[in-house]
Amino acid sequence: MAETTAERPAPPAGSAVGRRDWRLIVLNWFRELTLVPVIIVLMIAGAIVNPVFFTTSNLINVAQGGADLGMVVVAESLILLTGKFDISLQGTFGLAALLGAWLVAPKLSSGLGTEWSPWVGLLVVLGVGLIVGSFNGFLVIKANFNAFIFTLAMSILLTGLQLGWLGGQTVYNLPEAFIYLGAESWFGVPVAVWVTVATFMVAALFLRYHRIGRAMYAIGGNLEAARAAGIKVDRIRIGVFMVASVLAAVGGLMQAGRVTAVTAGQGSNLIFGVFAAAVIGGISLEGGRGRMIGALTGVILLSLVTNILTLSNISSTWIDAVDGAIILIALGLARLIGTERV
Amino acid sequence: MQGNSTGGPADSRLPGAASGGATAEAVGEAEAVSKTFGETRALIDVSLKVVSGECHGLVGRNGAGKSTLVTLLTGLARPDRGSIRLGGQPAPSLADRGAWLAKVACVYQKSMVVPPLTVAENVFLNRPTNGEHSPFVNWRRMRSRAHDVMLEWGFDVDVDQGAERLTVEQRQIVEIARALSIGARFLILDEPTASLEKAAVERLFERVKRLRDGGVGILYISHHLEEIYEICDRVSVLRDGELVLSGRVEDINQANLVASMIGSAPPRRATEIEAVRKTGKPGERRLEVSHLSVQSRSGSVDDVSLDVRAGECLGLLGLEGSGSSTVADAVVGLIRHAAGTVVVNGKAVPPGKVDAVLHLGVGYVPQDRHARGFAPQLGVGENLTLTILERISRALGLVSFDQRDRNAQEQAKKLQIVARSLDQPVASLSGGNQQKVVVGRALAPDPSVLVVVNPTVGVDVASKEALLDAVGRARDEGMAVLLVSDDFEDLRICTRLLVMVRGRIAGEFDRPPWDRQRLIAAVEGLEPAGMVKDVDG
């Protein structure tokens with residue numbers, strides 16, 4: 001056992017331990033903002049690639065595209081912080097929006113024909129998120145299923161339901177209230193962007209200042225230590241699964257509003273970008289490390305890459321490959337600059 | 001790990017290998033080996049010889065160097081000085097694992113059996129069964145050869161059985177069979193009875209005798225001295241890395257054996273451990289455990305009852321596997337108990353619910369600080385206040401950083417924690433300071449009952465004092481303390497002691513100061529059947 005003392009000169013025993021260590025705080029922020037220079041480089045590259053890049057409408061496009069991704073990144077990051085993960089968030093992202101849309105859209109546009117009030121539809125969307133989240137949380141935490149294989153199976157099931165339910169058709173012609181979140185703007189900025197930014201802020205403040213937020217870091221850092229400290233670890237972890245699925249459902253609603261329809265493929269392959277954004281943003285897959293501000297820079301970076309690739313002349317069949325390569329480079333950079341973030 | 005006696009004259013020292021069996025050949029010997037880890041001298045000039053047809057006992061307190069000697073004898077490390085000989089020949093190079101396995105095998109407490117495979121596969125693990133150079137498995141031959149080995153040595157295990165369903169006893173048999181089938185005639189058994197029941201222990205002894213009669217040389221390591229007397233021919237004692245006694249079992253009486261294990265110079269320079277003077281009358285009963293039974297791999301508990309009163313520190317003393325730490329785990333709800341009740345402050349605790357138990361006013365210092373003590377990436381301040389998150393939060397559950405810092409600073413001061421700031425991650429502290437954080441965390445809610453398991457393992461002397469002082473102060477202030485430990489130095493803060501052996505309470509010591517000799521005898525299970533009772537008349 002390595003019990004050797006490797007401490008730098010510290011105040012002698014008996015004197016009070018200082019509250020803050022500014023060097024540590026600055027260092028943490030520096031690490032958290034690792035990606036900012038990368039983002040700046042990307043923006044310069046974008047401007048060179050295509051003059052359209054720096055127009056207001058394009059930047060708003062970037063933000064709007066990042067909004068629904070961002071919701072799921074917040075969701076996944078919360079779960080990752082507590083030391084688990086959930087692949088089926090992408091299934092919830094698609095299925096919740098689809099079920100809501102199906103109940104409110106007219107029969108002509110692939111709806112059920114009940115044409116329920118859009119408000120009921122919104123409740124259905126959130127309800128699906130809540131149900132899937134509780135199911136996942138309960139079985140992964142209480143019944144001890146392996147999170148990877150269980151949520152992978154759930155993801156396949158939810159995506160399959162989404163496709164099978166309507167035989168692959170797209171639900172469109174959605175009422176205004178249902179698509180408000182994704183389609184409307186406040187002060188020229190899409191509502192979805194406001195909501196996502198607000199969600200990031202609330203999550204960040206919650207994690208920093210709420211006792212459950214701090215308990216989440218303790219759980220992710222050392223589950224057994226948190227349990228032995230009297231923290232209700234199971235309840236918190238299941239709760240996080242539930243909240244995350246609801247956030248993913250809201251993300252799905254944003255995308256439905258943006259394209260004013262729900263396709264059978266909504267959400268497919270989304271989860272890879274979600275993990276990439278969270279991890280290059282400094283959220284540890286081991287749990288207990290990372291902050292929302294980092295995850296946000298991850299989302300911005302990924303959205304910029306997608307946008308710039310679309311604007312460039314790269315053939316569309318090559319976009320995925322370039323996308324993957326850039327994520328790898330970002331991962332390498334994040335690794336170089338430091339993984340020890342709290 | 002436990003710094004107990006340091007140095008001291010090796011009074012009854014004998015050259016280890018001097019008087020081996022005259023006719024029998026040596027299957028394994030260490031010749032004047034020394035080994036140093038960093039600044040710790042784990043073995044100093046130790047010589048030991050195990051001959052075929054002999055069972056050689058090896059005893060010593062924790063940290064005496066037994067495990068280091070085993071790693072040298074099994075080729076997992078090279079001695080700094082001296083040499084190892086196996087079967088009369090110089091030991092092979094460390095890289096040649098195959099050659100080592102053909103000569104010597106150690107059955108550890110931790111099982112080395114691969115659960116998803118069958119018994120036969122485990123016996124022939126990583127060995128050709130279809131001719132020397134064939135990569136294919138010949139199932140039929142493997143099974144019949146495994147069966148032959150079992151038959152030859154009289155082992156009763158079905159070779160087609162899946163290893164995951166084997167009992168602890170059967171796993172040991174599989175490991176022994178593996179070693180014998182490779183051809184090893186030098187077996188090291190490392191605390192083989194630690195997790196066996198009484199009947200299984202008897203059967204183990206039968207097997208050991210059979211092996212011995214079959215010409216195998218056995219090095220038998222045990223904390224239970226009565227076992228040494230039952231089946232060993234010779235015994236050697238290690239203390240602080242030195243061989244202090246070696247000879248035929250019948251020539252060494254128990255008192256001498258115990259005395260040579262302890263040495264003449266415990267840190268407090270007395271055979272009696274300095275202990276607290278009784279502080280007034282003990283207060284009301286805070287913790288009551290009655291007829292507790294728990295099944296556990298780390299030591300089962302069988303019908304244990306005890307109670308702890310306010311202002312009292314009850315020491316629960318026992319070796320690893322004796323069940324003493326299991327009692328602590330059951331009290332705080334980390335494991336479910338099979339039978340019995342635990343009552344804290346008059347309320348029965350719900351089995352298996354840690355958070356509920358801690359809310360009843362229990363503080364808990366877990367046995368393994370790395371596994372259960374702290375969140376390594378979080379700061380000192382956060383870890384110290386993890387147990388009082390509710391108390392330091394305001395409306396809506398928002399944590400008051402000011403209250404957090406004040407509480408943390410108070411604990412840090414009480415325990416003399418040395419850190420650059422409250423934000424410093426606990427992972428980067430020394431072992432002693434990490435342990436202080438764990439104890440501080442337990443004391444932070446000001447619990448009425450404190451359950452402490454091995455609080456001073458692997459910490460430096462100064463931290464040890466600070467930790468024990470902190471717990472002692474808590475007791476003086478009226479806390480009821482249950483201290484589970486196998487380190488006698490921890491006992492100086494205790495007002496009463498219970499000794500556990502094999503899951504049961506085997507003795508009670510009610511009157512400090514404690515007699516080290518008698519304590520060791522009780523802990524090692526040496527006292528004859530019945531309770532050791534040492535109570536005020």
Side-chain angles (χ1 to χ4, degrees), chain A residues 1-25 27-28 83 205-236 284 286-290 339-342, chain B residues 1 38 332 334 354-359 362 364 366 368-383 386-387 389-390 392-393 396-399 401 405 408-409 412-413 416-425 428-433 438 441-442 445 458-460 462 466:
Chain A
M1 241 183 272
E3 302 291 6
T4 42
T5 312
E7 276 159 5
R8 264 144 280 185
S15 68
V17 175
R19 290 191 175 192
R20 296 282 88 82
D21 184 343
W22 290 104
R23 218 166 41 88
L24 205 65
I25 292 172
L27 195 68
N28 274 334
L205 293 174
F206 181 85
L207 285 173
R208 178 105 188 106
Y209 294 103
H210 198 275
R211 65 180 148 88
I212 293 179
R214 297 321 294 173
M216 284 165 62
Y217 279 100
I219 291 171
N222 186 344
L223 174 68
E224 289 309 318
R227 198 193 299 275
I231 292 171
K232 295 183 168 68
V233 293
D234 288 358
R235 203 179 289 183
I236 291 177
S284 160
E286 311 284 315
R289 291 176 193 276
T339 47
E340 288 221 1
R341 311 187 218 190
V342 177
Chain B
M1 296 253 296
V332 298
L334 269 172
V354 191
D355 53 272
V357 177
L358 299 200
H359 277 103
V362 177
Y364 174 52
D368 182 344
R369 62 172 166 271
H370 295 282
R372 282 186 177 151
F374 53 83
Q377 89 286 19
L378 294 184
V380 172
E382 283 217 73
N383 269 292
L386 270 187
T387 47
L389 274 175
E390 268 160 54
I392 58 171
S393 19
L396 300 171
L398 296 180
V399 175
F401 282 25
D405 291 348
Q409 273 179 326
K413 196 169 168 218
Q416 301 163 29
I417 293 172
V418 180
R420 270 173 281 136
S421 76
L422 291 178
D423 291 337
Q424 184 178 1
S428 65
L429 296 179
S430 69
N433 280 306
V438 180
R441 179 183 97 158
V459 308
D460 55 288

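Letters A, B, ... are given to chains in the order of the sequence lines, protein chains preceding strands, and every chain is numbered from 1.
The two residues A/Val17 and B/Ser421 have their closest heavy-atom pair at CG1-C, 3.5 Å. Minimum heavy-atom separation, A/Ala225 to B/Ala375: CB-N, 4.3 Å. For B/Leu358 against A/Ala228, the heavy-atom pair with the smallest separation is CD1-O, 3.3 Å. Closest approach of B/His359 and A/Gly230 over heavy atoms only: CE1-O, 4.2 Å.
Side-chain atoms of A/His210 come within 3.5 Å of backbone atoms of B/Leu396 as a donor-acceptor pair (strictly under, hydrogens ignored). Checking side-chain atoms of B/Gln377 against main-chain N and O of A/Gly288 turns up a donor-acceptor pair under 3.5 Å. A donor-acceptor pair under 3.5 Å is formed between the side chain of A/Asn222 and the backbone N or O of B/Ala371.
Contact tally against chain B (heavy-atom pairs below 4.5 Å) for A/Ile219, A/Ile212, A/Ile25, A/Ile231: the top residue is A/Ile231. Ranked by heavy-atom pairs under 4.5 Å with chain A, the list B/Pro366, B/Ala356, B/Pro376, B/Gly397 is led by B/Gly397. For the set B/Ser393, B/Ala412, B/Pro445, B/Ala442, the entry with the most heavy-atom pairs within less than 4.5 Å of chain A is B/Ser393. Taking A/Arg211, A/Lys232, A/Arg227 one by one and counting their heavy-atom pairs under 4.5 Å with chain B, the maximum is reached by A/Arg211.
Atoms CG and CZ, from B/Asp405 and A/Arg20 in turn, are 4.5 Å apart once rounded to the nearest 0.5 Å. For the atom pair A/Arg289 CZ and B/Leu378 CG, the distance stands at 8.5 Å (nearest 0.5 Å). Remark: B/Phe401 CZ to A/Arg214 CZ distance equals 6.0 Å, nearest 0.5 Å. How far CG of B/Asp355 is from CZ of A/Arg235: 7.0 Å, rounded to the nearest 0.5 Å. Rounding to the nearest 0.5 angstrom, the gap separating the CZ atom in A/Arg19 from the CG atom in B/Asp423 is 11.0 Å.
In this structure, chain B has no heavy atom under 4.5 Å from any part of A/Leu205. Contacts between B/Leu422 and chain A at a heavy-atom distance below 4.5 Å involve backbone atoms as well as side-chain atoms. With a threshold of 4.5 angstrom between heavy atoms, B/Leu334 approaches chain A through side-chain atoms but not through N, CA, C or O.
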